[in-house]
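Encoded as structure tokens, the structure appears first; notes follow it.
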There are 2 protein chains.
Amino acid sequence: MAQRTTISSYAVLALLNLRPWTGYELTQQAQRSLRYAWPKSERLLYSEPKKLVELGYATAHKEESGNRSRNVYEITTEGRHALTEWTSSRTQPPRIEIEALLRLLFADHGSTEDLNRALDELEADISEHHEAIVDLMASYLDGGHPFPERTHLSVLFATFQIEMFKTIERWIEFARDEIGEWPTTQDLGMTPRTEVLTCLLAHDQSPLDS
Amino acid sequence: MAQRTTISSYAVLALLNLRPWTGYELTQQAQRSLRYAWPKSERLLYSEPKKLVELGYATAHKEESGNRSRNVYEITTEGRHALTEWTSSRTQPPRIEIEALLRLLFADHGSTEDLNRALDELEADISEHHEAIVDLMASYLDGGHPFPERTHLSVLFATFQIEMFKTIERWIEFARDEIGEWPTTQDLGMTPRTEVLTCLLAHDQSPLDS
DNA sequence: TATGTATACTGCATAGTGCAGTAATTCAAG
DNA sequence: CTTGAATTACTGCACTATGCAGTATACATA
């Protein structure tokens, strides 16, 4: 059966391009470093390197330590070549899934408490990631980057995360204030306040800045 | 075969809670209104209402117009009840997939041109969505909301989109400036400039504000 | 009359997820 | 020194979701 190279294949291949990894290491590393750009399940991250071997883009060899074995994967010249081809394809459009926002869209089915709870949960998820990135940056200052020569890339990437997280947190506060003025979630329609917001947005202006 | 209710099921159910829709209408409406919170394929949006019927959460009846038929789906009392249960479950953490950022993380395999192209493509995708939302808000000002009593929800949701899009666009400009100072994508490591950025991020400060 | 676009779907192969299960290793508490 | 919990190191399976090709009608325009 012919295997197809997906973006996830390239993601794993790019990791293998840095150094050889065991299957387990790949899952751990990918969860840590790729999570915010390309979140994939542990299960997939175990399968991808096998696919790469079938494609001839990597080699696998079993390492025995005592009674337990683990697979070590290494990139091939073919694999490095395939990586270069990746850049010639168009990047996929971004894809953003936020269930809390879906609940906001249909908030009129529930109470303002339900809606606020959804926002609380979103805030909790975001601030967890936010703190993790800040801690990671602190560790980089102490020379803690696993590939020191690649620090410039990780840090530029991290600026994106921080901007995003700050924006979302700022919006959550804003949204809570707005919702706080609502007597209910239903049938408010185009209130004077909503009209002000709509007008700002129609002129591409941020309601959070005022 | 017992069907399971996923978040996508609830998303479609929430649409059906507004009014009856045909399968085709559901796919179109979901692409327009849910795309930014819960992007799902047309294929799935055709399948979900069938699942809802099997679960007893909706009814289907064929409408004939000439030689062509279409399915009209309507929510049941059971379905409305199920919707209420949705709010009692924890919201899923957000999931953000941006291939352009993945390419940034591994940009040292290619040239600065490759990286800039990825950013250009991201910018094109974002600005397309950005403009669409601004236009949508302009149409709301003229009373163009399909469910006028729900305008307050759509507009608060739109504030999120606009904030996100502006943030991403601002970051792209910032990133282009940074990359413009790079002689190459490789082996720069912890440059003085990167150290400044890392320091700011470690103190949870935005490098874009300065 | 031809042709393109919108309507209105279905089938199928494949990508990806979640969860359960298996089994060895390590390390700290009792 | 032994019991139990956590970590390492995966695999199998059922199911969710996507992309694409295919089918067929309706309608407007050239």
Side-chain angles (χ1 to χ4, degrees), chain A residues 1-13 20-32 34-35 38-55 60-73 89-90 92-97 99 102, chain B residues 1-13 20-32 34-35 38-55 60-73 89-90 92-97 99 102:
Chain A
M1 222 184 330
Q3 301 280 2
R4 267 183 54 77
T5 62
T6 62
I7 298 173
S8 302
S9 315
Y10 288 123
V12 171
L13 202 52
W21 304 82
T22 71
Y24 180 72
E25 283 174 331
L26 275 175
T27 64
Q28 303 307 301
Q29 187 57 28
Q31 307 261 315
R32 260 201 301 279
L34 307 183
R35 193 172 27 157
W38 203 251
K40 293 295 145 182
S41 67
E42 195 194 43
R43 190 64 192 82
L44 183 72
L45 294 165
Y46 270 118
S47 306
E48 282 301 340
K50 300 195 155 196
K51 208 168 78 176
L52 295 177
V53 170
E54 259 195 73
L55 286 160
H61 65 103
K62 272 211 187 326
E63 230 178 42
E64 304 284 336
S65 64
N67 228 342
R68 185 159 60 179
S69 74
R70 52 194 196 159
N71 298 4
V72 182
Y73 298 98
S89 64
R90 215 281 191 190
Q92 258 189 20
R95 184 196 175 90
I96 297 175
E97 260 178 37
E99 193 194 340
L102 187 63
Chain B
M1 222 184 332
Q3 301 281 3
R4 267 183 54 78
T5 64
T6 62
I7 298 172
S8 302
S9 314
Y10 288 123
V12 171
L13 202 52
W21 305 81
T22 72
Y24 180 71
E25 283 174 331
L26 274 175
T27 64
Q28 303 306 302
Q29 187 56 29
Q31 306 261 316
R32 260 200 301 279
L34 308 182
R35 192 171 30 156
W38 203 250
K40 293 294 145 184
S41 66
E42 195 194 43
R43 191 64 191 81
L44 183 71
L45 295 165
Y46 269 117
S47 305
E48 282 300 339
K50 300 194 153 194
K51 208 168 79 176
L52 294 177
V53 170
E54 259 195 71
L55 286 160
H61 66 103
K62 270 210 187 327
E63 230 178 42
E64 304 284 337
S65 64
N67 226 343
R68 185 159 59 179
S69 74
R70 51 195 197 160
N71 298 1
V72 182
Y73 298 98
S89 64
R90 215 282 190 189
Q92 258 190 20
R95 183 196 176 91
I96 297 175
E97 259 178 37
E99 194 195 340
L102 186 63

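Letters A, B, ... are given to chains in the order of the sequence lines, protein chains preceding strands, and every chain is numbered from 1.
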Give the intermediate values and the outcome of side chain to side chain donor-acceptor pair (under 3.5 Å) for residues B:E48 and B:S8.
CA-CA 8 Å; B:E48 282 300 339; B:S8 302; 4.9 Å; no

Under 4.0 angstrom, heavy atoms only, what part of the nucleic acid is B:P39 near: base, sugar-phosphate, or nothing?
sugar-phosphate

One pair to check against side chain to side chain contact (heavy atoms under 4.5 Å, CB included): B:V72 and B:W21. What are the steps and the verdict?
CA-CA 6 Å; B:V72 182; B:W21 305 81; over 6 Å; no

With a cut-off of less than 4.0 Å, is there a side-chain N or O of A:Y24 near OP1 or OP2 of D:dC10?
no

Find the distance A:R43:CZ to D:dG12:P and express it as a whole number of Å.
8 Å

Expressed as a whole number of angstroms, how long is the span from B:R4:CZ to D:dA14:P?
16 Å

Between B:L45 (CG) and C:dC9 (C1'), how many Å, whole number?
13 Å

Check this for me: does the side-chain of B:R68 come within 3.5 Å of the base of C:dT7 through a donor and an acceptor?
yes

Partner set under side-chain hydrogen bond (donor to acceptor under 3.5 Å, both in side chains) for A:S69, not counting sequence neighbours
none

Restricting to nitrogen or oxygen on both sides, can you table the protein-nucleotides 3-5 of chain D pairs closer than 3.5 Å?
none

At 4.0 Å (heavy atoms only), tell me whether A:R70 reaches a base, stays on the sugar-phosphate, or touches nothing.
sugar-phosphate

Expressed in angstrom and rounded to an integer, what is the separation of A:Y73 atom OH from D:dA9 atom P?
13 Å

